[in-house]
Amino acid sequence: MNDFKERIATELIAVRDRSLAYTEAEDDLLVRQHSPLMSPLVWDLAHVGNYEELWVLREAGGITPLRPEIDDIYDAFKTPRKDRPTLPMLGPAEARRYIEGVRGRVLDVLDAIDLDGPTPLHRDGFVFGLVIQHEHQHDETMLATLQLSGHPGLVREGDLPPGRDAGPEEVYVPAGSFLMGTGTLPWAYDNERPAHRVDLPAYWIDRLPVGNRAYAAFIEDGGYDDPRWWSAEGWQWRQNSGANAPLFWVKEGGAWWRTRFGRTEPVPMDEPVQHVCWYEADAYARWAGKRLPTEAEWEKACGWDPEAGKARRYPWGEEDPSPDRANLGHRAAHPAPLGAYPAGASAYGAEQMVGDVWEWTASWFQPYPGFRVFPYKEYSEVFFGHDYRVLRGGSWAADPAAVRTTFRNWDYPIRRQIFTGFRCARSEQV
Ligand SMILES: [Fe+2]
């Protein structure tokens, strides 16, 4: 195998180790549905193997289906999450055997395939990038399921750098055009393409994500009880849900506590807020006299290098993420304190744009001009419209393989179980 194939093999092994670590638990935890929003963990586990079988073995490798009779069970479109517990799913031991069988053949396909050939699915190992990113995304989903389950034990307490206070509240992004999206990153998804010029007026964007201290001030100021700060749909959500703080927060003895992977602890005031929905982010921004950034504003502040006149893969440049630049890859099971990554700053000086928390943007999930479906319309196209808001930047639970400045995530504006926060922006006063 050449170096690139070795690297793909290493990434395949790493993501599988991760999936197996998250599902190393008693069967009951794996087969139970912990929330109607989520699949049983054992569904995710077999689903990543089935996806790998469909794309690498059948599509790219031309191999006869191993278990065609289970395809429908693991087709996310045929079975909504809430219905998954009633499916005749593979049990934990059988699921592990199945995905291992698939994986053995995947490595054979990798060995034989021509990554420089004309087939778009093969070129630059796209199909491997597809399954590696897909599995990491399911691993992050599994973490959200575990957090909802209240099951202790998966907390990982790695060391993160300390926060720091120095620095302005906002950074300035002068008017001008930039290149949004990509035509060159080989593992970028169809929804990140093509690269296109976007012209933006000048704006300010928060240097850091909104922190727990600032968010708690919004709560203490009666933010959840004042319709002035909320959009009409947001206020309706607020009334129906009865929410009065981020998910997993409770106030006791005059202080805020949160539950994180089955443990209750004081809310660390210097961390970015997480587990807020789009409506809460939007309301906070209005209370703060600001607004959420558009997706284009977010991406320009994160990835554009105005001096070089080109887009960076990460805020700091092209080098792979390292522990001093971003909190990615589940180093610890929480966001890093605010200001922890001066070395990860973007060209405009914005920090912690990659890692820590996904960031809600003001934008709906829409195709870029010139969008073309690849390799299938259920990856992106069926989600375009006015149902989903775009999230950017990746969380502490996202893997570097599935994070870059152009990466787009999307979810319903009511979702809070994901590892999501936000930062604010404002237009330049004229
Ligand atoms: Fe999936």
Side-chain angles (χ1 to χ4, degrees), residues 11-12 14-23 30-31 33-60 65-68 70-85 87 89-90 92 95-96 98-100 102-103 106 121 126-146 148 187-192 330 358 365 373-384 387-388 390-391 394-395 397-399 401-403 407-412 415 417-419:
E11 295 262 12
L12 283 165
V15 69
R16 182 53 48 82
D17 286 348
R18 185 180 182 200
S19 309
L20 292 175
Y22 291 175
T23 50
L30 303 181
V31 299
Q33 188 172 41
H34 302 284
S35 154
L37 296 177
M38 311 306 275
S39 316
L41 293 162
V42 73
W43 186 93
D44 288 284
L45 188 63
H47 165 79
V48 296
N50 184 246
Y51 189 87
E52 199 167 282
E53 189 194 339
L54 289 176
W55 285 101
V56 181
L57 299 193
R58 298 189 208 169
E59 285 291 329
L66 304 180
R67 301 278 304 257
I70 65 170
D71 286 354
D72 279 2
I73 301 174
Y74 295 107
D75 184 329
F77 282 85
K78 293 190 176 143
T79 62
R81 282 182 179 175
K82 64 175 177 36
D83 298 339
R84 289 178 192 165
L87 299 170
M89 285 180 292
L90 304 184
R96 289 187 195 103
Y98 166 62
I99 65 172
E100 198 188 320
V102 171
R103 177 51 67 84
V106 163
L121 204 55
F126 180 87
V127 73
F128 298 98
L130 184 70
V131 301
I132 290 164
Q133 294 180 83
H134 176 255
E135 189 162 343
H136 275 302
Q137 284 151 12
H138 275 276
D139 288 341
E140 182 166 0
T141 301
M142 286 197 247
L143 279 179
T145 304
L146 286 160
L148 281 166
W187 287 5
Y189 285 111
D190 57 359
N191 65 57
E192 297 165 66
H330 194 178
W358 287 101
F365 186 49
V373 169
F374 181 73
Y376 62 110
K377 69 177 176 13
E378 288 80 10
Y379 189 79
S380 308
E381 194 183 45
V382 299
F383 299 99
F384 290 144
D387 289 323
Y388 300 93
V390 172
L391 298 140
S395 74
D399 189 85
V403 173
F407 190 92
R408 309 170 77 196
N409 187 3
W410 63 94
D411 215 328
Y412 289 117
R415 289 291 182 251
Q417 85 279 10
I418 47 180
F419 305 109

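Note that ligands are numbered from 1 as they come in the structure, with each ligand's atoms numbered from 1 the same way.
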*Residue pair Y22 / D139: nearest heavy atoms and the distance that separates them*: CE1-O, 3.4 Å
*Output, in order, the C-alpha distance, side-chain angles, deciding distance and verdict of side chain to side chain donor-acceptor pair (under 3.5 Å) for H330 and H136.*
CA-CA 11 Å; H330 194 178; H136 275 302; over 6 Å; no
*asked:* Are F128 and W187 an aromatic pair, judged by ring center distance below 6.0 Å?
replied: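 No, they do not, as the ring centres are separated by 6.0 Å or more.
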*Can a salt bridge be assigned to the pair D190 and R408 using a cut-off of 4.0 Å between side-chain N and carboxylate O?*
no
*asked:* Regarding R16 and E52, does a basic nitrogen lie under 4.0 Å from an acidic carboxylate oxygen?
replied: yes
*Q33 and S39: side-chain donor and acceptor closer than 3.5 Å?*
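Short answer, no.
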*List-wise, which protein N, O or S atoms are found short of 2.8 Å from the Fe ion (ligand 1)?*
H47 NE2, H134 NE2, H138 NE2
